[in-house]
Protein chains: 2
Amino acid sequence: MTNRSDTRRNLMDAALETLKSEGIKGTTARAIAATGDVNQALIFYHFGGVMDLLITAAVEDSRLRAERFRAHLEGVSELPELAEVARQLHEHDLEEGGVSAFTQLLAGTAGDPEMAKRLWDGFEPWIELVRSSLAGPLANTGFDKLLPVDDLAYSVVALFMGIELLDRLDPDRSPTEALFTTFTQLGGLLEGFLSPLRQQDA
Amino acid sequence: MTNRSDTRRNLMDAALETLKSEGIKGTTARAIAATGDVNQALIFYHFGGVMDLLITAAVEDSRLRAERFRAHLEGVSELPELAEVARQLHEHDLEEGGVSAFTQLLAGTAGDPEMAKRLWDGFEPWIELVRSSLAGPLANTGFDKLLPVDDLAYSVVALFMGIELLDRLDPDRSPTEALFTTFTQLGGLLEGFLSPLRQQDA
DNA sequence: GTCTATAACGAGATAGAC
DNA sequence: GTCTATCTCGTTATAGAC
C-alpha cells in the first residue's frame with residue numbers, strides 16, 4: 001500500500017507541519033516522525049538528514065504556492081485591485097504559515113551557506129512574481145523608466161516578509177488590517193495619478 | 001576584580017555575539033560560556049536559563065541602539081535626507097547584526113508567548129522612533145490627515161526588517177545598494193510634491 | 001559568586017534483522 | 001523500504017565544594 005513515494009510525501013508534509021507548530025528548535029527527527037506517524041529512521045534513509053528534509057519540503061512548497069498564486073495576479077492591472085489581492089495573500093499565508101516556516105528555516109540555516117543557497121532558490125520565484133505583477137500597472141506611465149521595477153519588486157516582497165514577521169510577534173494584532181486598508185487607499189491615490197499618464201500612450 | 005556586575009555584562013555580550021555568529025541552534029549554554037570565557041553554570045545562576053539570558057540581552061541592546069539612533073533622526077525634515085539616514089542605519093546594522101539577532105530570537109521564541117511578549121517590548125521603540133521621524137516631513141502637507149502615520153511607520157519598519165532578512169539570504173547581494181539609491185530618488189520625487197504643500201501653511 | 005562534576009535526558013545517526 | 005535497537009554525543013540543569 002505504502003510505496004516509497006508515499007513515505008517521502010508524508011515526511012515532507014509532516015516536516016513542514018512540525019516546523020510551523022513547533023519552530024526550528026522543536027523540529028527534531030523524532031517530532032517529525034511522530035507527526036507523520038512514520039519511523040524516525042526513515043528520515044535519514046530518504047533525505048539524509050533533518051535539515052535536508054526541511055529545505056527540500058520548504059522549497060517545493062514555496063514554488064508550488066508561488067505558482068498557484070500567479071493565477072490570482074495575472075490580469076490585475078490597477079493598483080487598488082493589486083493591493084486587495086495582496087491583502088488576501090497576506091491573510092491566507094498568515095494562517096497557512098508559509099512565511100513563518102521560511103523564517104524558521106532562515107534562522108536554521110545560519111552559518112550553512114549551502115542550505116541558505118537552496119532556501120533562496122525556493123524563494124526567488126516570489127520576487128519574479130511580484131515583478132511581473134508590477135510591470136502591468138506601471139507600463140507606459142513613464143515611471144517604469146524612472147524607477148527600477150526590480151528594486152520595487154524586491155521592496156514589496158521584503159515589505160510582506162516584514163509585515164508577517166511583525167504580525168506574528170505583536171501581542172495585539174491591531175495594525176495589520178488597518179495597514180492593508182491604507183495600502184488600498186494609497187493605491188487609489190497613485191492610480192488616480194498614473195491613470196492619465198497611461199492614456200497618453202494608448 | 002570581577003564583581004557580579006561584570007559577569008552579567010560579559011554573559012550578555014557573549015550571548016549576543018554567539019547568537020549572531022552561530023544562530024539560535026548553535027547558541028547553547030556552553031557556546032556562550034566559551035565566547036565569554038566564563039563558566040557555563042553561571043548562566044543559570046545569573047539568568048535562570050539560556051533563553052532568558054538571550055531575551056534579556058537582546059531587548060536591552062535593541063533599546064539602547066534605538067535610543068542612540070534617535071539623535072541621527074532628529075532634525076531631519078526632508079525625505080531624501082531621511083532615506084540617506086535610513087541607508088546608513090541599514091548598512092551599520094547589517095554588519096553589526098541587530099536585526100539578525102532579532103530574527104534568530106523570533107525563531108527561537110516560537111511557541112513561547114511569554115518570551116515573544118518580552119521580545120516585542122524591546123522592538124516597539126523602533127516603531128515609535130520611525131513614527132516621530134515621519135511626522136516631520138509629512139506635517140502640514142495634508143497627507144498626515146489622509147494617511148495614518150502609524151500605519152506608515154509600521155510599514156517602514158517592516159520593510160527594513162524584510163530587506164535585511166533577504167539581504168542576508170541572497171547569494172549575490174546585488175539589489176540592496178541600488179535599492180536605497182532608488183529610495184533616495186523616490187524621496188526626492190515625493191519631496192518635490194510635498195514641499196509646496198507645506199509652504200501653504202508656513 | 002564561582003568552580004568541578006555529574007545527573008538526566010534528548011538529539012542525530014547507523015547497524016542489521018526483516 | 002521499513003523496523004528495532006542502540007551508539008555516541010551534546011544539551012540543560014543542578015549539587016556541592018570552595
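Every chain is numbered from 1 and lettered A, B, ... according to where its sequence line falls, protein lines coming before strand lines.
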Mind calculating the distance between [atom1] ([X]) and [atom2] ([N]) to the nearest angstrom?
X: B:Tyr45; N: D:dC18; atom1: OH; atom2: P; answer: 19 Å
X: B:Gln40; N: D:dT14; atom1: CD; atom2: C1'; answer: 10 Å
X: B:Leu11; N: C:dC3; atom1: CG; atom2: P; answer: 10 Å
X: B:Ile24; N: D:dT11; atom1: CD1; atom2: C1'; answer: 14 Å
X: A:Met51; N: C:dA13; atom1: CE; atom2: P; answer: 12 Å
X: B:Lys25; N: C:dG10; atom1: NZ; atom2: C1'; answer: 14 Å

Review point. Between A:Arg87 and A:Thr181, does any side-chain donor sit less than 3.5 Å from a side-chain acceptor?
Key: no
Study note, to complete from the structure: Judged by nearest nucleotide, the residue sitting upstream toward the 5' end of DNA chain C, B:Leu42 or A:Ala29, is B:Leu42
Practice item. Measure up the B:Phe123 and B:Trp120 rings against each other and bin them: parallel (under 30°), tilted (30 to 60°), perpendicular (over 60°). Key: tilted
Review point. What orientation do A:Phe160 and A:His90 show, parallel under 30°, tilted 30 to 60°, or perpendicular over 60°?
Key: perpendicular
Check your understanding: Contact class for A:Val38 vs. all strands (heavy atom < 4.0 Å): base, sugar-phosphate, or nothing?
Key -> nothing
Review point. Taking 4.0 angstrom as the limit, do A:Arg9 and A:Glu60 come out as a salt bridge?
Key: yes
Compare the minimum distances between each of [options] and the side chain of [X], then state the nucleotide with the smallest one.
X: A:His46; options: D:dA13, D:dT6, D:dT2; answer: D:dT2
X: B:Thr7; options: C:dT2, C:dT14, D:dT14; answer: C:dT2
X: B:Asn39; options: D:dA5, C:dC3, D:dT11; answer: C:dC3

